[in-house]
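As the structure is a prediction and not an experimental result, all values here were calculated from the model.
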Amino acid sequence: MDQVARLFGPAIFEASKLKVLFLGVDEEKHPGKLPRTYTLTHSDITSKLTLAISQTINNSQLQGWYNRLQRDEVVAEWKKVKGKMSLHVHCHISGGHFLLDICARLRFFIFSKELPVVLKAFVHGDGNLLNNHPELQEALVWVYFHSNIPEFNKVECWGPLKEAVAGSSEAGGTRHEIRQETSISNWELPEPCQETCNCCFPPMSLIPWSEKLPLQTENRGTQGQESLQQQTR
């Protein structure tokens, strides 16, 4: 339980504890033209974070019994849907191991609390990209919580990236305020064009999660249910 509770450690980002790996991507290439994903893992032994920035999820970073048991990785991908950029972040809450099921509520709380640290790691690690394309700071952040327990299997919109990284030490704090200040009409999970187009990229999700998720945010509630592969393709 103690190891599960730590996940990414204290909810404070320390740049000195972040190791960044660029794997086959240009540090400045816009993700609307070149696939771009983030794979973030944490070591309880060194208390350090490792962030891989690549064109697809860095599976080698997720190998080993420890990672398969803890499932404390966070993976994300940039997507352009109908010309608008958004960042899609995925967390594994429970499923696949009974210990994760037992701790599902705690894991959901901790992931929610520490996601601002994760987003700060993305922003810091990919600093050249964001400095060269500051408009990406305005991109909405969609967070997918994957769980075999319906209560924790959901999608949340955390608002623009520049505000989502601010986060809050208290669940529902700053994020709730951001939601109140943002037009509800802007908080629709982006749906790609059904036909071949030039305004959506990449055409399919780079993160092959198959669980079904309700389209849910604090403001809008449940909107229906469809597969994550359909939502993010």
Side-chain angles (χ1 to χ4, degrees), residues 25 29-41 51-59 61-62 71-93 108 111-112 114-123 125-126 129-130 133 135-147 152-165 167 175 178-179 182 186-193 197 199-220 223-233:
V25 296
K29 188 73 172 181
H30 196 283
K33 298 180 180 179
L34 182 73
R36 201 176 197 87
T37 68
Y38 301 132
T39 307
L40 186 71
T41 52
L51 171 65
I53 302 175
S54 55
Q55 294 185 40
T56 187
I57 296 306
N58 185 28
N59 288 318
Q61 195 175 338
L62 307 178
R71 294 306 306 270
D72 62 358
E73 76 276 2
V74 177
V75 295
E77 66 177 329
W78 281 103
K79 290 191 68 66
K80 181 177 71 171
V81 180
K82 296 179 180 176
K84 291 187 176 181
M85 296 299 300
S86 51
L87 182 63
H88 298 253
V89 183
H90 299 262
C91 310
H92 184 95
I93 302 300
F108 178 78
F111 268 114
S112 296
E114 297 189 347
L115 266 169
V117 175
V118 171
L119 296 175
K120 287 175 183 176
F122 293 165
V123 170
D126 216 1
L129 173 75
L130 293 167
H133 302 284
E135 72 278 4
L136 293 176
Q137 294 280 6
E138 302 294 336
L140 289 181
V141 176
W142 291 91
V143 182
Y144 300 72
F145 296 97
H146 299 270
S147 175
F152 309 117
N153 198 53
K154 61 177 68 178
V155 185
E156 291 184 354
C157 186
W158 281 46
L161 177 60
K162 67 179 183 181
E163 298 178 16
V165 296
R175 279 195 296 125
I178 292 173
R179 283 197 171 96
T182 305
N186 294 331
W187 296 64
E188 297 284 355
L189 190 67
E191 296 285 350
C193 297
C197 67
C199 57
C200 300
F201 181 83
M204 296 293 292
S205 173
L206 303 171
I207 303 173
W209 236 306
S210 61
E211 287 93 338
K212 292 184 177 181
L213 291 167
L215 307 189
Q216 180 176 347
T217 66
E218 289 179 8
N219 281 355
R220 299 187 65 79
Q223 303 279 322
Q225 192 173 58
E226 48 185 288
S227 72
L228 177 60
Q229 190 72 23
Q230 290 174 327
Q231 292 170 356
T232 58
R233 66 191 175 87

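- Listed for the Glu156 side chain is no donor-acceptor partner under 3.5 Å among the backbone atoms of Val143.
- Taking each heavy atom of Pro35 and Leu206 in turn, the nearest pair found is CB-CD1, 3.9 Å.
- A donor atom on one side chain and an acceptor atom on the other are not found under 3.5 Å apart for Thr39 and Glu73.
- Within the 4.5 Å cutoff, the side chain of Phe152 has no heavy atoms near those of the Phe145 side chain.
- The shortest side-chain heavy-atom distance between Val89 and Tyr38 does not fall under the 4.5 Å cut-off.
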(Q) Determine whether Thr37 and Trp78 satisfy the following criterion, side chain to side chain contact (heavy atoms under 4.5 Å, CB included), listing intermediate values before the conclusion. (A) CA-CA 6 Å; Thr37 68; Trp78 281 103; over 6 Å; no
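- Using the six-membered ring where Trp is involved, His90 and Tyr144 have ring planes that are parallel, under 30° apart on the 30 and 60° scheme.
- A heavy-atom distance below 4.5 Å is found between the side chains of Leu129 and Arg36.
- In this structure, Leu119 CG and Trp158 CH2 are separated by 7.0 Å, a value rounded to the nearest 0.5 Å.
- The closest side-chain heavy-atom distance from Cys200 to Val81 is below 4.5 Å.
- From Ser205, atom OG reaches atom NE2 of His88 across 8.5 Å, with rounding to the nearest 0.5 Å.
- Side-chain contact between Glu135 and Met85 is absent, with no heavy-atom pair separated by less than 4.5 Å.
- Between the NE2 atom of His146 and the NE2 atom of His92 there is a distance of 9.5 Å, given to the nearest 0.5 Å.
- Looking at every heavy atom in both residues, Ser147 comes nearest to Ile93 through CB-CB, 3.9 Å.
- Contact record, Leu87 with Phe122: CD2-CD1, 4.2 Å, taken as the closest heavy-atom pair.
- Between atom CD of residue Glu77 and atom OG1 of residue Thr56 there is a gap of 9.0 Å, rounded to the nearest 0.5 Å.
- By the 4.0 Å N-to-carboxylate-O rule, Lys162 lies close enough to Glu138 to be salt-bridged with it.
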Q. Checking side chain to side chain contact (heavy atoms under 4.5 Å, CB included) for the pair Val123/Leu161: CA distance, chi angles, key distance, verdict?
A. CA-CA 9 Å; Val123 170; Leu161 177 60; 4.0 Å; yes
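- Between His133 and His30, the ring centre distance stays below 6.0 Å.
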(Q) Apply side chain to side chain contact (heavy atoms under 4.5 Å, CB included) to residues Gln137 and Leu130 and explain how you reach the verdict. (A) CA-CA 7 Å; Gln137 294 280 6; Leu130 293 167; 4.1 Å; yes
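- Phe201 and Gly32 get closest at one heavy-atom pair: CD2-O, 3.4 Å.
- Leu115 is not listed as a side-chain neighbour of Val141, based on a closest heavy-atom distance of 4.5 Å or more.
- Residues Lys82 and Pro192 approach most closely at CE-C, 4.2 Å, considering heavy atoms.
- Residues Cys91 and Val75 are not in side-chain contact: their nearest non-hydrogen atoms beyond the backbone lie 4.5 Å or more apart.
- Contact annotation: the side chain of Lys80 never approaches that of Cys199 to less than 4.5 Å [non-hydrogen atoms, C-beta and beyond].
- Residues Lys29 and Leu34 come closest through the heavy atom pair CG-CB, 3.6 Å.
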